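Position 1 is the first residue of the sequence, and the numbers go up from there. FYI, side chains are in, hydrogens and waters are out, and symmetry mates aren't considered; it's all heavy atoms of this structure. Nothing here was measured: the structure is a model prediction, and the numbers come from that model.
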Amino acid sequence: MTIDTRVRVANRKHERCVPETAYVAYRIGLPLIGQKGESPVMDLSEGGLLMQVPERIKWGKGIKLTLTIPRYNEEISLGGIVRRCFESRKDSQIYAGIEFCNVAPPVRAKLRAMCEYFNSSYYKGRCRERQQDNLFQ
């Protein structure tokens, strides 16, 4: 099954960003017997995130997340629902799309501000400068 990403992007409610380095610790199900892990964040918005996972997660499952962005000393606790889980044909990795639920307005504002920053020309220019600096070291 092929997904037309052009349609998906047009239908999104929130602007997505790709944080420089971010990961999410997660727990699915009951505290003692539920599935848990830590995964890299592929993209982020104020409404949800896409993360790489080691195995498939059942659609509709509730999930507790702790989003961490080490460079900016950010750690945000969130709850969500698995809205999609798929294996990429491109790299054979498994990804899970999570929709955040019951996010407090200050947290939602922080997520929105983070995405605006990660999508800014200033941030993208700084990333290019860091990459060039690393090439010449």
Side-chain angles (χ1 to χ4, degrees):
M1 182 171 122
T2 305
I3 298 173
D4 185 353
T5 56
R6 292 171 297 174
V7 174
R8 303 265 316 142
V9 170
N11 292 333
R12 288 196 171 134
K13 293 178 186 177
H14 306 288
E15 180 180 17
R16 298 226 171 234
C17 65
V18 179
E20 186 174 6
T21 303
Y23 61 90
V24 64
Y26 63 91
R27 178 174 296 284
I28 302 168
L30 300 173
L32 297 177
I33 60 172
Q35 180 182 355
K36 65 180 182 175
E38 189 171 284
S39 297
V41 173
M42 308 314 291
D43 70 30
L44 173 68
S45 78
E46 69 179 271
L49 60 81
L50 181 68
M51 65 183 192
Q52 185 180 342
V53 292
E55 57 189 46
R56 288 190 178 270
I57 302 173
K58 189 175 179 182
W59 184 88
K61 283 289 222 180
I63 186 168
K64 293 194 180 293
L65 307 164
T66 302
L67 173 66
T68 303
I69 303 176
R71 185 174 187 88
Y72 301 99
N73 233 2
E74 283 293 335
E75 194 170 277
I76 303 170
S77 295
L78 300 155
I81 296 176
V82 177
R83 290 298 182 198
R84 62 186 180 133
C85 190
F86 62 94
E87 183 176 343
S88 170
R89 290 183 186 175
K90 186 176 182 179
D91 59 10
S92 298
Q93 297 293 326
I94 299 171
Y95 298 96
I98 310 299
E99 178 184 8
F100 299 144
C101 297
N102 302 322
V103 180
V107 174
R108 188 170 295 279
K110 181 184 276 191
L111 290 167
R112 184 180 319 116
M114 288 169 63
C115 283
E116 287 172 1
Y117 174 69
F118 288 129
N119 285 330
S120 71
S121 57
Y122 171 77
Y123 173 77
K124 290 178 181 180
R126 297 282 297 147
C127 287
R128 279 192 299 275
E129 287 173 12
R130 271 189 239 125
Q131 287 174 345
Q132 288 174 351
D133 290 344
N134 290 338
L135 287 175
F136 296 112
Q137 289 181 354

### Query
For the atom pair CD1 (Ile94) and CE (Met51), what is the distance rounded to the nearest 0.5 Å?
11.5 Å
### Query
If you round to the nearest 0.5 Å, how far is CG of Leu67 from CG of Leu44?
6.0 Å
### Task
Kindly compute the distance separating CD1 (Ile57) from CD1 (Ile98), expressed to the nearest 0.5 Å.
5.5 Å
### Task
Find the distance between OG (Ser45) and CE (Met114) and round it off to the nearest 0.5 Å.
11.0 Å
### Message
Tell me the closest heavy-atom pair linking Tyr26 and Ser39, and the distance in Å.
### Response
CE2-OG, 3.3 Å
#### Entry: Members besides Trp59 in its Ile/Leu/Val/Met/Phe/Trp/Tyr cluster (side-chain heavy atoms under 4.5 Å)
none
### Message
One pair to check against side-chain contact (heavy atoms from CB on, under 4.5 Å): Ile81 and Phe100. What are the steps and the verdict?
### Response
CA-CA 7 Å; Ile81 296 176; Phe100 299 144; over 6 Å; no
### Message
With rounding to the nearest 0.5 angstrom, report the CD1 to CG distance, Ile63 to Leu78.
### Response
10.5 Å
#### Entry: Nearest non-hydrogen partners of Pro70 and Tyr23, listed with the distance
CG-CE2, 3.8 Å
## Note on the structure
In short, side chain to side chain donor-acceptor pair (under 3.5 Å) pairs touching residues 102-119 with sequence neighbours left out are Glu15-Asn119, Glu46-Arg112, Glu74-Lys110
#### Entry: Interatomic distance, Cys85 atom SG to Lys61 atom NZ [nearest 0.5 angstrom]
12.5 Å
### Query
Looking at side-chain heavy atoms only, is the closest gap between Val107 and Ile76 below 4.5 Å?
yes
#### Entry: Residues Glu87, Ser92; criterion side-chain contact (heavy atoms from CB on, under 4.5 Å); working and verdict
CA-CA 6 Å; Glu87 183 176 343; Ser92 298; 3.9 Å; yes
### Query
Looking only at heavy atoms, what is the nearest atom pair of Ala22 and Ile69, with distance?
CB-CG1, 3.8 Å
### Task
Locate the shortest heavy-atom distance separating Glu75 from Thr66; write the atom from each residue and the value.
CG-CG2, 3.4 Å
### Query
How does the hydrophobic cluster around Leu50 look, that is, which other residues are in it when side-chain heavy atoms under 4.5 Å mark a link?
Met42, Phe86, Tyr95
### Message
For Asn73, is the CG atom crowded, meaning more than 12 foreign heavy atoms sit under 6.0 Å from it?
### Response
no
### Query
Would you call Thr68 and Val24 a side-chain contact if the rule is heavy atoms closer than 4.5 Å?
no
